[in-house]
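To start, the structure under review is shown below, and the notes come after it.
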Amino acid sequence: MAVCIAVIAKENYPLYIRSVPTENELKFHYTVHTSLDVVDEKISAMGKALVDQRELYLGLLYPTEDYKVYGYVTNSRVKFVMVVDSSNTALRDNEIRSMFRKLHNSYTDIMCNPFYNPGDRIHSRAFDNMVNSMMMQVC
Amino acid sequence: MEGLTLSEAEQRYYCDLFSYCDTESTKKVASNGRVLELFRAAQLPNDVVMQIMEQCGATRLGYFGRSQFYIALKLVAVAQSGLPLRVESLNTVKDLPLPRFVMTKNEQESRHTALYSSDADNSASYSGVIPPPPGRIQVKKGSVSHDAVQQRTSTDQQESTSPVVSPQQSPPTSPHTWRKHNRHPSGGNNERPLAGPGPFWAPFSEAQPGSSTSSDPIWSGHSPPPHQENWVSFADTPPTSALLAMHPASVQDQTTVRTVASATTTNEIRRQSSSYDDPWKITDEQRQYYVNQFKTIQPDLNGFIPGSAAKEFFTKSKLPILELSHIWELSDFDKDGALTLDEFCAAFHLVVARKNGYDLPQKLPESLMPKLIDLEDSTEVGEQTGEVGYSSSPAEAPPSKSPSMPSLNQTWPELNQSSEDTAIVHPVPIRMTPSKIHMQEMELKRTGSDHANPTSPLLVKPPELPEENKMSSSVKFTPGNTVNGYSSSDSYTSDPEQIGGTVTRQRSHSGTSPDNTAPPPPPPRPHPSHSRSSSLDMNRSFSVTPGQQQAGVVAYPPAVPPRPQPSQGAGPHVHRPVDAEGLIAHTSTSPQQIPEQPNFADFSQFEAFAVSGVNKEEDDEIETHSEVLQVEKPPDSASSLRVAKADGRVEDKAPANVPTSAGKGTTPLAPPPKPIRRRLKSEDELRPEAEEHTQKTGVIAAVLASQPSIPRSVGKDKKAIQASIRRNKETNTVLARLNSELQQQLKDVLEERISLEVQLEQLRPFSHL
């Protein structure tokens with residue numbers, strides 16, 4: 001269950017950010033922003049174009065005392081950043097991978113929509129629903 | 001920029017014009033194309049137009065932003081009313097009439113061509129369908145309407161001038177009016193804008209009785225006055241219907257669009273008048289019009305509308321992009337970026353509903369769910385009927401494409417339902433070819449259905465799979481491929497059953513027991529078009545050629561000893577496909593081959609008979625025949641795979657028969673004991689796999705056997721033999737390939753085994769603790 005999910009475009013501007021509403025959302029925005037550096041570092045470290053599911057998933061970008069940040073990059077350099085609560089220890093790597101996979105699938109669904117121009121903010125309700133299902137159920 | 005105050009009417013009008021000129025939707029209008037035409041239509045001297053453009057600042061910017069555009073329009077109005085062009089006059093002049101834009105006939109026609117050419121660029125299908133003459137007529141109507149709109153906001157005396165300019169008005173102006181009206185309905189206010197133009201429309205519609213087609217209904221939709229006779233009578237014209245009429249009547253394909261508009265108008269009328277129980281239900285008329293619209297974009301009703309064409313089409317409805325995006329999300333069921341007929345109808349229906357003020361649903365209503373899910377290419381003729389027949393059944397209207405398989409629908413309706421239970425329950429974005437979907441369904445069905453059921457619906461699939469299998473990349477499905485290729489080439493309905501059964505079993509086993517004792521032999525994987533079919537042809541040709549041997553062949557089956565159980569014999573041989581396949585290539589009846597393949601043993605038995613009295617050519621046929629016939633006998637699992645392999649071998653033997661026939665003849669005695677030995681030995685091998693394979697091959701063999709042997713002349717024999725030789729060679733290559741693949745698999749599995757053993761060794765110390 002993520003606390004914050006963000007979709008960053010290739011040019012490193014956000015296409016979609018959704019946080020658990022109770023928290024200070026600005027903090028998550030800042031966290032996502034700083035994690036972009038780590039993402040870029042990992043991408044460049046990979047070197048040549050790697051089109052593998054494993055390389056798409058970047059894994060834990062960096063942990064803090066409160067939460068962990070996971071990253072995932074698509075072939076078109078669209079990045080998904082997920083912030084999960086550190087106290088939620090039950091989350092395994094596989095689950096994170098599956099969550100990113102779902103994100104990726106929903107993102108490609110959005111891309112298939114001819115009314116969506118790549119680079120626009122994402123307003124899709126289906127995407128919202130999917131992200132909501134992955135967010136922590138904090139009322 | 002100078003402050004600009006606009007009255008409400010002016011605001012609306014300018015906004016419409018701006019949207020009209022803003023073809024790129026980029027919120028800025030380049031000073032070309034429609035803007036220039038618009039200004040020319042203002043019938044102002046060119047220098048005045050240049051002055052206007054300078055004053056509004058467009059020349060500085062290089063394009064018309066919204067503010068510049070508005071200023072320009074106001075200046076046009078100023079100029080038209082004869083006032084000197086001054087920036088200050090923009091705000092000082094009160095009660096300025098709206099700028100009038102009148103198109104000359106030449107411009108109108110040129111615009112027509114421009115429109116058509118632009119249409120051709122954007123959506124070829126549109127331009128191809130729009131007949132120019134009606135467009136021109138519509139242009140007239142458009143002009144009329146435009147004038148009418150203008151009059152609505154301006155004084156009445158302009159009305160008298162409208163008939164004069166009516167033939168000259170260009171079509172683009174019509175969208176202005178439409179947009180104006182459209183905007184209101186989008187906002188939910190359907191009534192207001194239409195009441196005004198109502199009375200104005202009447203004279204126009206009467207003034208243009210000759211004008212045909214849709215444009216009339218569109219305009220007349222606004223008003224109670226009678227619509228044109230040549231259109232569906234729209235007795236009651238609620239404003240919403242007019243709105244709908246306007247929706248499709250956007251610039252481009254005017255004829256068809258306007259036709260649709262009127263169609264939607266009637267539909268809307270009907271819908272509103274009808275019960276509101278299911279507001280999402282599509283009436284027949286609506287559906288017909290949607291279908292007609294679909295045809296304008298995509299003549300093939302079973303085909304797709306690409307996303308870009310659909311975007312163009314629905315953008316004309318002037319709904320906000322966000323809403324169109326949501327409509328698309330709802331209606332594109334398979335998330336492939338293209339609209340099938342059903343998806344298109346659903347999308348169109350949602351657009352119509354939205355324009356009427358209905359809110360878009362969160363998820364697609366059931367009545368709009370695509371029932372006709374077009375699979376691959378619209379080549380399956382029976383698909384539609386099958387699908388329609390299926391759609392009547394459970395309305396979990398297949399998120400997967402399983403129901404749309406025509407053969408399945410028609411022959412195994414219950415299967416479809418059951419497949420739905422086991423198949424994907426929610427729409428899964430499946431972007432692969434439909435064959436992949438079939439594969440998945442097959443897999444689901446396999447896991448869910450009874451494996452041992454030979455009449456499982458899967459059986460029907462095999463005939464369909466050949467094409468699909470070619471696209472499938474899964475190894476697991478290859479057995480099905482071969483089987484299907486086999487069966488399809490034979491077109492024996494009974495065989496698919498058995499084959500399907502074996503395939504089922506095979507797949508499940510292959511999927512679950514990679515680490516079992518011996519590597520489960522992947523079912524023969526050669527291309528379906530090659531191996532089995534070629535063997536079939538072989539057999540067919542062989543069976544056909546020898547006329548005189550017919551009797552002899554027939555005589556053989558009774559003499560054939562019952563084939564040993566496949567579980568016994570097929571096991572080792574099946575499980576060592578590598579060796580077997582490799583041996584096949586050799587086409588030699590070496591003892592290796594024989595023990596590996598009890599089929600061969602049987603062959604040699606027959607060979608003994610054959611050699612005794614028949615020439616080598618007959619041997620081939622006889623062997624195949626006997627093989628086939630023999631195979632027929634154990635229709636169950638037993639000899640399936642072996643037979644299949646044997647058939648392959650028979651074919652392989654054919655080319656090599658010349659040299660080896662003698663050898664075969666001499667080794668009849670040796671084989672028989674060996675196969676028996678092998679069979680006993682293999683008893684404890686993987687019996688299920690053997691059964692599967694054998695059953696499969698048995699089925700295949702049965703298929704072969706069932707082919708009638710037609711006596712032919714000797715001359716044909718030779719040709720047939722040569723053909724069969726060729727086919728055998730093909731089979732050889734295929735089998736050799738299979739052999740190499742299997743060897744590779746074997747290596748992989750052995751490596752795994754070694755790694756596992758190593759791990760076991762490493763863990764052993766801990767087990768003692």
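Contact annotation for A/Asp120: neither backbone nor side-chain heavy atoms come within less than 4.5 Å of a heavy atom of chain B. Both the backbone and the side chain of B/Leu324 come within contact range of chain A, each with at least one heavy atom under 4.5 Å from a heavy atom of that chain.
Going from atom CD1 of B/Ile321 over to atom NE2 of A/His123 covers 11.5 Å, rounded to the nearest 0.5 Å.
Heavy atoms of other residues, nucleotides or ligands lying less than 6.0 angstrom from NZ of A/Lys102 number more than 12. At most 12 heavy atoms of other shown residues, nucleotides or ligands fall within 6.0 angstrom of atom OH in A/Tyr30. Other residues, nucleotides and ligands place more than 12 heavy atoms under 6.0 Å from the NE2 atom of A/His29.
Taking both residues in full, the closest heavy atoms of B/Ser308 and A/Pro114 are given as N-CB, 4.4 Å, listed atom of the first, atom of the second, then distance. For the residue pair B/Ala310 and A/Phe115, the shortest heavy atom distance occurs at O-CZ, 4.3 Å.
Using modelled atom types, no side-chain atom of B/Glu329 and backbone atom of A/Asn113 make a donor-acceptor pair closer than 3.5 Å.
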